[in-house]
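A quick write-up on the structure given underneath.
Remember, predicted model here, so these are calculated numbers, not experimental data. In listed order, ligands and their atoms are each counted from 1.
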Amino acid sequence: MLDDPAAARLAEILAAHEGLEGPLLPILHAVQAEWGHIPDWTVPAIARALNLGRAEVHGVVSFYHDFRDAPAGRHVVRLCAAEACQAQGGRALAAALCDRLGLGMGETAADGSVTLEPVYCLGLCAAGPAALVDGQPLARATPDAILETVRC
Ligand code: FES
């Protein structure tokens with residue numbers, strides 16, 4: 001449900017990007033920075049402001065892995081799913097973490113403690129499998145090292 005302060009904040013974000021060439025991605029980044037995800041209620045207003053269809057805005061949100069359509073957990077674990085890390089145990093790492101957290105890739109724990117999601121290359125290809133835990137890169141990641149970091 002939309003409350004007035006939230007609508008006012010969205011209007012500020014839209015106004016701040018008025019006249020910018022290619023404003024959709026900067027607006028979505030600003031919205032996600034404000035609310036931690038792209039709330040459904042923002043999509044019609046963004047679409048209207050940019051003279052786009054809602055489906056176009058939804059399409060961009062779902063295309064880019066960095067945008068969320070739901071709030072993330074308190075900790076965000078991103079596991080590299082790109083080729084070099086897959087060759088260095090990335091699949092086993094993902095399977096072990098999914099098992100220990102009781103989550104599928106792309107899911108958030110019901111208690112909101114952690115979100116587990118894939119990412120495609122973190123620039124640590126020679127030291128895989130790589131992970132990003134709450135924004136901090138982790139080379140040669142293991143389930144224990146990741147779980148210790150998020151203190152699950
Ligand atoms: S392939 Fe995993 S960090 Fe590059």
Side-chain angles (χ1 to χ4, degrees), residues 6 9-10 12-14 16-17 19-47 49-50 52-152:
R9 180 64 191 123
L10 178 60
E12 286 175 8
I13 290 171
L14 293 171
H17 292 83
L20 190 72
E21 194 159 326
L24 180 55
L25 291 178
I27 287 171
L28 291 174
H29 280 293
V31 167
Q32 184 155 292
E34 184 71 24
W35 288 286
H37 68 293
I38 311 294
D40 274 347
W41 62 264
T42 65
V43 171
I46 294 169
L50 301 181
L52 298 171
R54 292 178 190 190
E56 289 174 89
V57 177
H58 271 299
V60 170
V61 171
S62 60
F63 179 80
Y64 289 102
H65 294 287
D66 281 342
F67 293 130
R68 306 174 187 288
D69 58 9
R74 291 185 295 282
H75 298 287
V76 177
V77 176
R78 306 182 88 187
L79 299 178
C80 181
E83 202 169 306
C85 284
Q86 295 296 290
Q88 297 174 86
R91 276 193 193 88
L93 173 64
L97 272 177
C98 286
D99 186 51
R100 288 174 66 174
L101 293 170
L103 294 176
M105 201 52 82
E107 293 181 354
T108 298
D111 66 359
S113 59
V114 62
T115 294
L116 192 57
E117 57 190 22
V119 65
Y120 297 92
C121 197
L122 296 165
L124 295 169
C125 317
L132 201 60
V133 182
D134 294 334
Q136 296 298 310
L138 185 62
R140 295 186 177 87
T142 64
D144 286 341
I146 290 171
L147 293 174
E148 183 179 308
T149 303
V150 299
R151 295 182 177 91
C152 289

>> Let's go through Leu132 and Val76 carefully: what are the C-alpha distance in whole Å and the side-chain angles of both, what is the deciding distance for side chain to side chain contact (heavy atoms under 4.5 Å, CB included) to 0.1 Å, and is it a yes or a no?
In response: CA-CA 8 Å; Leu132 201 60; Val76 177; over 6 Å; no

>> Set out, in order, the CA-CA distance, both residues' side-chain angles and the distance that settles side-chain hydrogen bond (donor to acceptor under 3.5 Å, both in side chains) for Asp144 and Thr142, then state yes or no.
In response: CA-CA 5 Å; Asp144 286 341; Thr142 64; 5.6 Å; no

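At most 12 heavy atoms of other shown residues, nucleotides or ligands fall within 6.0 angstrom of atom CG in Asp69.
Distances from atom 4 (Fe) of ligand 1 under 2.8 Å pick out these protein N/O/S atoms: Cys121 SG, Cys125 SG.
Counting heavy atoms from C-beta outward, Val31 and Pro39 have side chains that approach closer than 4.5 Å.
For the ring-ring contact (aromatic ring centres under 6.0 Å, His included) condition, the pairs that include at least one residue of residues 95-130, sequence neighbours left out, are His65-Tyr120.
The one candidate from Ile146, Val150, Leu101 that meets the side chain to side chain contact (heavy atoms under 4.5 Å, CB included) condition with Leu116 is Leu101.
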